[in-house]
Participant: 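Next up is a structure, given as structure tokens.
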Number of protein chains: 2
Amino acid sequence: MRIGELAKRADVSRDTIRFYERHGLIRSDVDPKADNSYRIYAEDAVLTLEVIRDAQAAGLSIAEITVFMGQFMAQDGETHDAQQFLEDRITEVTTRITASTRFLDMLRQTKAALARAPQDGLREMSKAKPDTGKKGQGSDT
Amino acid sequence: MRIGELAKRADVSRDTIRFYERHGLIRSDVDPKADNSYRIYAEDAVLTLEVIRDAQAAGLSIAEITVFMGQFMAQDGETHDAQQFLEDRITEVTTRITASTRFLDMLRQTKAALARAPQDGLREMSKAKPDTGKKGQGSDT
DNA sequence: ACTAACCATGGACCATTGTCAATGGTTTTG
DNA sequence: CAAAACCATTGACAATGGTCCATGGTTAGT
């Protein structure tokens, strides 16, 4: 298919597709039996764009997604780097999901508190604590 | 506490704290009985910075986090806008978590496939398909 | 007292992730 | 056929989220 159709089907702009392509996230060929310069995209490009969307939601940068796509398509070795990369991403994404969920709870609690005491403000909310469990050594250097 | 201590305790740079402050995400006062211009941060600023981190992980922009913080601290009305805002954020964050989780699965599957067929590449992976379901279109002219 | 370490302010600078506009060619369709 | 709609390429522009630097004042340790 051509870029316009892909754009419609994946719900992204043509410019975005071109941007991704420049960054190696997606590929296209030129129809050899046409003498124009129109690029042709495979069917699975739609899927690829959806994966890119998810990957971005998960916090990966374009550069990282490019690597992932490369890994995904890879045929040759470099298995070690690949494994390591994937492991790192898994850790990061997991962490992000945890933080997001924590924040989601906070949103819900805030909303509930607000519903409970509309004009009163929500000073009592102060009790809602995040529960990080990581940093914060109690004193200065 | 002063900015340096806060920076250490919350594990962000001083510049980032100042950046947040300029954008209304955090506040500080000047010690009235000191004649310097050093800013003093309350204890809970550490917590605030942690919440900001989570909110960012959840995909909120600085502007949105600022609104949330305002809501959180709010004393006056505007309950309707607040409720609506919170609801919208809840929907968005939930969606993001779903997408992230979907992508996380993909990472895991890719890793597994790679472990299974190191030199073979993972052509069979093609079967792993997401599961979106949207509509509409992006225009570009 | 002197120096290292800290602080404030302002503005320049940077990477990332696109978007837009100009220019010129191609295809489709009424 | 002629216009509308589509396509490619290039490069400028923009918003976001910081980071760095220069300058000058403050505090703390030795």
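Quick note: numbers below take in every heavy atom, side chains included, and nothing from hydrogens, waters or symmetry partners. Chain identifiers are assigned alphabetically (A, B, ...) following the order of the sequence lines, protein sequences preceding nucleic acid strands; residue numbering begins at 1 within each chain.
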Participant: If we check side chain to side chain contact (heavy atoms under 4.5 Å, CB included) with V46(A), which of these qualifies: L6(A), V51(A), D11(A)?
Facilitator: L6(A)

Participant: Could you check how far CZ of R22(B) sits from P of dG18(D), rounded to whole Å?
Facilitator: 12 Å

Participant: Measure from the side-chain heavy atoms of T16(A) and tell me the nearest of dT27(C), dT9(D), dT19(C).
Facilitator: dT19(C)

Participant: Nearest whole angstrom, please: distance from the P of dT19(C) to the CZ of R18(A).
Facilitator: 12 Å

Participant: Rounded to whole angstroms, how far apart are CD on E21(B) and C1' on dG17(D)?
Facilitator: 16 Å

Participant: Where each residue is assigned the nucleotide of DNA chain D containing its nearest heavy atom, which of S37(B) and S13(B) is assigned the position nearer the 5′ end?
Facilitator: S13(B)

Participant: Pick the closest DNA chain C nucleotide for A34(A) and for F19(A) by heavy atoms, then say which residue is nearer the 5' end.
Facilitator: F19(A)

Participant: Using 4.0 Å as the upper bound for N to carboxylate O, is an ion pair formed by E5(A) and K8(A)?
Facilitator: no

Participant: Within the structure shown, what part of the strands sits under 4.0 Å from D15(B) by heavy-atom distance: base, sugar-phosphate, or nothing?
Facilitator: base

Participant: Can you tell me how far C1' of dC7(D) sits from CG of D31(A), to the nearest Å?
Facilitator: 14 Å

Participant: Can a salt bridge be assigned to the pair D15(B) and R18(B) using a cut-off of 4.0 Å between side-chain N and carboxylate O?
Facilitator: yes

Participant: Between dA5(C) atom C1' and N36(B) atom CG, what is the distance in whole Å?
Facilitator: 15 Å

Participant: Kindly point out which of dC7(C), dT26(D), dC7(D) is positioned nearest to the side chain of I3(A)?
Facilitator: dC7(D)

Participant: Looking at dG18(D), does its base get a donor-acceptor pair with the side chain of Y20(B) below 3.5 Å?
Facilitator: no

Participant: For M1(B) and dC6(C), what is the distance between atoms CE and P respectively, to the nearest whole Å?
Facilitator: 16 Å

Participant: Give the rounded distance in Å between these two atoms: CD1 of I40(A) and P of dT26(C).
Facilitator: 15 Å

Participant: Need to verify one output field. Residue with the more 5' nearest nucleotide on DNA chain C, R39(B) or I62(A)?
Facilitator: R39(B)

Participant: What nucleotide, of dC6(C), dT10(D), dG17(D), holds the atom closest to the side chain of S61(B)?
Facilitator: dG17(D)

Participant: Rounded to whole angstrom units, what separation is found between the CZ atom of R14(A) and the P atom of dT17(C)?
Facilitator: 23 Å

Participant: Roughly how far, to the nearest 0.5 Å, is the OG atom of S100(B) from the CG atom of L104(B)?
Facilitator: 8.5 Å

Participant: Salt bridge or not between E21(B) and R27(B)? Use side-chain N to carboxylate O under 4.0 Å.
Facilitator: no

Participant: Any side-chain N or O of Q56(B) under 4.0 Å from OP1/OP2 of dG18(D)?
Facilitator: yes

Participant: Is any side-chain nitrogen or oxygen of R2(A) closer than 4.0 Å to OP1 or OP2 of dC6(D)?
Facilitator: no

